[in-house]
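Worth knowing before you read on, the calculation uses all heavy atoms, side chains too, and leaves out hydrogens, waters and symmetry mates.
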Amino acid sequence: MDDTGILDRLVPASDVFDLLARAYDQRGDFANFDVCKQAAIDMLVSRLRSGHATAWSTNCSIDSTLDTGSVTVNEIVSDWDFHRHRGFPAVIPLEFWAHFANAGRERRSFDRVSGDFHFSYTDGDYSCRDGSAFDVWLDPRGLPSAAVLTGQATHAAASGDPPARALPVPSGRGRPAANWWPAFAAELAIYIHEEGLPNGSETEGQGTIIDAVLSRLAERGAREPSRASIQPVVNDVLRRLRAARN
């Protein structure tokens, strides 16, 4: 489907993942946050693999020919063996998520910041299955309410349509700041002023700062950004402040 406007009605996979992991963490059923993150990705992939949820990307591929030679159009049986679309938003085929699940935790990856999914593994049919989906976005329909920002899930359930994300319209003056940014920037500055930087070098201690700032925002009742959204900012602040000390 060549519809560049479709992405405005979807939600980033990275944000969905963060909301799910935090929801698992709040329930306290798992030993630590790393286990919560694994539970989040497993649940998300299960819904995508079954078709209960739908994912979109502008660049997705499945390639079973890396070790078997090139393939002609007539030899392509299904998306299970070979799939590729680039440059336009399209639904990621179910076969991609089946491969991602089959690859196992050691042979697949998900980038929490970029929203990229990758797998590379061997199976009984071909010596290698390789696939990538970049900058993945999800349809709110089919996602658990804990994975959708308040208001989006209600709208989607009532109307049957994905809610608009209300992304800013390009104006030629750069991207406007997100509506959570002022509160986040203020809390980050106050925390560093009051507590100082954690011990360490480069970006060490970023998790401590992120947890503290998100906790302060929650206490104020302010909107909380996803960890994926603020992690690059916190890391850059740590690098620059530590470099200035040297």
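Rounding to the nearest 0.5 Å gives a distance of 10.0 Å between CD1 of Ile41 and CZ of Arg112. Rounding to the nearest 0.5 Å gives a distance of 9.0 Å between CH2 of Trp56 and NE2 of His85. One finds the CG atom of Leu10 at 12.5 Å from the CG atom of Asp15 (value rounded to the nearest 0.5 Å). Note that CG of Asp139 and OG1 of Thr54 are 5.5 Å apart. Values are rounded to the nearest 0.5 Å. Between the CZ atom in Arg22 and the CD atom in Gln26 there is a gap of 7.0 Å [rounded to 0.5 Å]. Atom-to-atom distance recorded for Cys36:SG and Arg27:CZ is 11.0 Å, nearest 0.5 angstrom.
Ion pairing of Asp34 with Lys37 is present here, as a side-chain N (NZ or NE/NH1/NH2) and a carboxylate O approach within less than 4.0 Å. A salt bridge between Glu202 and Arg242 is absent, with no side-chain N of the basic residue lying under 4.0 Å from a carboxylate O of the acidic one.
Looking at Gln38 and Asp42, their side chains do bring a donor and an acceptor atom within 3.5 Å of each other. With no hydrogens or angles considered, no side-chain donor-acceptor pair links His118 and Ser109 at under 3.5 Å. Side-chain atoms of Ser61 and Asp63 form no donor-acceptor pair, as typed in the model, at a separation below 3.5 Å.
Looking only at distances, no side-chain donor or acceptor of Asp130 sits under 3.5 Å from a matching main-chain atom of Ser120. Using a distance-only test at 3.5 Å, with no hydrogens or angles considered, a donor-acceptor pair links the side chain of Arg108 to the main chain of Phe100. One N or O on the side chain of Asn102 and one on the backbone of Ala98 form a donor-acceptor pair closer than 3.5 Å.
For an aromatic pair to be called close, the ring centres must be under 6.0 Å apart, and Phe117 with Phe96 fails this.
Between Leu143 and the options Leu138, Leu48, Leu20, Leu19, a side chain to side chain contact (heavy atoms under 4.5 Å, CB included) holds for only Leu138.
Contact check for Met43 versus Arg47: side-chain heavy atoms found under the 4.5 Å cut-off. The side-chain heavy atoms of Leu238 and Leu197, taken from C-beta on, include a pair separated by under 4.5 Å. Side-chain contact between Ile62 and His99 is present, with heavy atoms from C-beta onward closer than 4.5 Å. Two residues are said to be in side-chain contact when any heavy atoms from C-beta on lie closer than 4.5 Å; Gln206 and Val237 fail this criterion. At least one side-chain heavy atom of Leu44 sits under 4.5 Å from a side-chain heavy atom of Val16. Phe119 places none of its side-chain heavy atoms less than 4.5 Å from the side chain of Arg107. Looking at Trp97 and Glu95, their side chains never come closer than 4.5 Å, going by heavy atoms from C-beta outward. Side-chain contact between Ile192 and Leu241 is present, with at least one heavy-atom pair separated by less than 4.5 Å.
Val45 approaches Ala101 most closely through the heavy-atom pair CG1-CB, 4.2 Å. Pairing each heavy atom of Ala212 with each of Tyr191, the nearest pair is CB-CE1, 3.4 Å. The two residues Val213 and Leu188 make their nearest non-hydrogen contact at CG2-CA, 4.0 Å. Contact detail for Ala21 and Ala40: the closest heavy-atom pair is N-CB, 3.7 Å. For Ile92 against Ala133, the heavy-atom pair with the smallest separation is CD1-CB, 3.8 Å.
Criterion: ILVMFWY side-chain heavy atoms under 4.5 Å apart, direct or through other members. Under it, Phe134 and Val113 are not part of a common hydrophobic cluster. The same ILVMFWY cluster, assembled from side-chain heavy atoms under 4.5 Å apart, contains both Val35 and Tyr24.
Scored by the side-chain contact (heavy atoms from CB on, under 4.5 Å) test, Asn199 finds no partners at all (sequence neighbours excluded).
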Next on the checklist: Using side chain to side chain contact (heavy atoms under 4.5 Å, CB included), reason through Cys60 and His83 one step at a time and then give a plain yes or no.
Outcome noted: CA-CA 8 Å; Cys60 176; His83 171 86; 4.0 Å; yes
Item to check | Working for side chain to side chain contact (heavy atoms under 4.5 Å, CB included), residues Phe184 and Val233 | outcome: CA-CA 11 Å; Phe184 162 73; Val233 178; 4.1 Å; yes
Next on the checklist: Evaluate Ser57 against Asn59 for side chain to side chain donor-acceptor pair (under 3.5 Å), listing each step before the verdict.
Outcome noted: CA-CA 5 Å; Ser57 172; Asn59 189 333; over 6 Å; no
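Atom CD of Glu194 sits in a crowded spot, with more than 12 heavy atoms from other residues, nucleotides or ligands closer than 6.0 Å.
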